[in-house]
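Quantities reported herein were computed from a predicted structural model and do not represent experimental measurements. Each chain gets a letter, A, B and so on, in the order its sequence line appears, and its residues count up from 1.
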Amino acid sequence: MKPLASLFPFNGEIFFFILNWQSDYNVKTDSPELIVFAPTLETWYEQHRRDLPWRNTTDPYRIWLSEVILQQTRVAQGLPYYLRFTETYPTLPDLARADERELLRLWQGLGYYSRARNLHQTAKFIANTLNGHFPTTYHDLLDLKGIGTYTAAAVASFAFGERVPVVDGNVYRVLARVFGIEEDITTSQAKKTFAALAIRLMAHAIDPATYNQSIMEFGAIQCTPVAPNCLFCPLQQQCRAYLTGRQQLLPVKKKKAPVRDRYLTYFVFRKGAGEAMQLALRERTGRDVWQNLYEFYGTETDEPASDWRSVDVPDEVNELVMQGVLVGPAIAEQQLLSHQRIRAVFYEISIPETSNVVLPKDLNWYFMDQVRRLPKPVLIATFVEKQFG
DNA sequence: AATTCGGGGCA
DNA sequence: TGCCCAGAATT
């Protein structure tokens, strides 16, 4: 019944663990904080639990349904949907027979619509291929479409009593605070850390299902994201976050920068031809992407620039433009960064050799061999290669 | 390992 | 507005 992973709480301690091997599975080497954690929450849960419909059943179908609905969804938002779904599709065969458009219509407003499609697909799979036999273990549940580590653990423990810990957003928050874990929870490394700790804590639970419910309920109504109720917290005196006043700082979560569209217009000033050709480049300064890399003279606009003439440039640059000749059509390039989508348009402008106009400040002429050696954004390098390579 | 996928509630 | 929510699939 106990997952093998329980025997290997933390990688670095396996050797130590073997030395302390008692006859049967045990975690006698765990500290008091680790041992008391689960039972404390289980006791708290019996006193504070909300009465929610999916907590009054052990029907794996209904538990699974509730868990899928509640993925990245608050209880208050998911509850009416759960009631409507169980009304319309009381059993798994009912869901398997459902018309998908109807099902999606019922799902409307919940978001993440692939959840609904996977739900239907898996219902049909269980009803038809598995002859209605709902998978009963964490391992087998993981194979189903739309069921990941969290949902597999939830169904396995709630419906079948398996001793596997759930690790969801609540668990991250509670564990990060109580045990003072500073790892960025958005990384996959942190996911391993929390999962390992969760397994270790689960080993001390009196009842796996109750403990899993308790830690999530605890995160939802006691150890809340903002303003946790530390004053009346049963773990107050062993909570690293509380004892160090870091409740608001944990869990550490890198906020993802929204993907931002940026529009650049470059003026590619060119002089001469062949290997004697020179391009005008400048170093990009400022705390921004491409800091200290070389690029052409360019300007950024909030919206796509319709034409190079619509772009505002300093007088000295405009003077340079007027001295030259626009060569060929504008060339558009795009570069995707993790948090930005940069769309650039290049205008090549040939400056007569005879021109004695001075380059604007910061801009300098570079021969092609120099150009190739200068560090440039991929966007610029790609352009140079295509155009002059 | 990073990105994408929704929509609602709340400070 | 930005953050967060009983995450999983995809790239």
Checklist line | Spacing between A:K254 atom NZ and B:dA2 atom C1', to the nearest angstrom | finding: 8 Å
Notebook entry, point to check: Quick one: do the A:Y150 and A:E67 side chains pair a donor with an acceptor below 3.5 Å?
Noted result: yes
Taking distance alone, no hydrogens or angles, what donor-acceptor pairs closer than 3.5 Å link side-chain atoms of residues 100-110 of chain A to residues at least two apart or in another chain?
{"residue": "A:E100", "atom": "OE1", "partner": "A:H120", "partner atom": "ND1", "Å": "2.6"}
{"residue": "A:W107", "atom": "NE1", "partner": "A:G111", "partner atom": "O", "Å": "3.0"}

Margin query: What verdict does the side-chain contact (heavy atoms from CB on, under 4.5 Å) test give for A:F388 and A:E348, after you've listed the backbone C-alpha separation in whole Å, the side-chain angles of each residue and the deciding distance to 0.1 Å?
Written below: CA-CA 11 Å; A:F388 308 111; A:E348 187 182 336; 3.7 Å; yes
Note to self: Heavy atoms within less than 4.0 Å of DNA chain C: which residues of residues 174-187 of chain A have one? Give them sorted by number.
What the structure shows: none
Check: Taking atom P of B:dG8 as reference, at what distance in whole Å does atom CD of A:Q108 sit?
Finding: 10 Å
Check: Considering only the P atoms, how many Å lie between B:dG6 and C:dT10, rounded to the nearest integer?
Finding: 14 Å
Next item on the list: Give the other cluster members for A:Y297, using side-chain heavy-atom distances under 4.5 Å between Ile, Leu, Val, Met, Phe, Trp and Tyr residues; answer none if it is isolated.
Entry: A:F267, A:F269, A:W308, A:V311, A:V313, A:V317, A:L320, A:V321, A:L326, A:V345, A:Y347, A:I349, A:I351, A:V357, A:L359, A:L363, A:W365
Check: What distance, rounded to whole Å, do you find between the two P atoms, one in C:dA6 and one in B:dT4?
Finding: 24 Å
Margin query: Less than 4.5 Å apart, side chain to side chain, heavy atoms only: is that true for A:Y211 and A:F37?
Written below: yes
Check: Between A:G111 and A:V226, which has a closest nucleotide on DNA chain B that is more 5'?
Finding: A:G111
Notebook entry, point to check: Roughly how many Å is it from CG in A:L110 to P in B:dG6, rounded to a whole number?
Noted result: 12 Å
Margin query: Clusters formed by hydrophobic residues whose side-chain heavy atoms approach within less than 4.5 Å: which one holds A:F232, and what are its other members?
Written below: A:L231
Item checked: Listed once per pair and sorted, the ring-ring contact (aromatic ring centres under 6.0 Å, His included) pairs that draw on residues 53-84 of chain A, sequence neighbours left out -> A:W54-A:Y82, A:W64-A:F134
Margin query: Could you check whether any side-chain heavy atom of A:P208 comes within less than 4.5 Å of a side-chain heavy atom of A:M202, counting everything from C-beta outward?
Written below: yes
Notebook entry, point to check: How would nucleotides 5-11 of chain C be written as a contact map, 5' to 3', with B for base contact, S for sugar-phosphate-only contact and - for no contact, using protein heavy atoms under 4.0 Å?
Noted result: BBBSS--
Notebook entry, point to check: Can you check the A:R117 CZ to B:dC5 C1' distance for me, whole Å?
Noted result: 10 Å
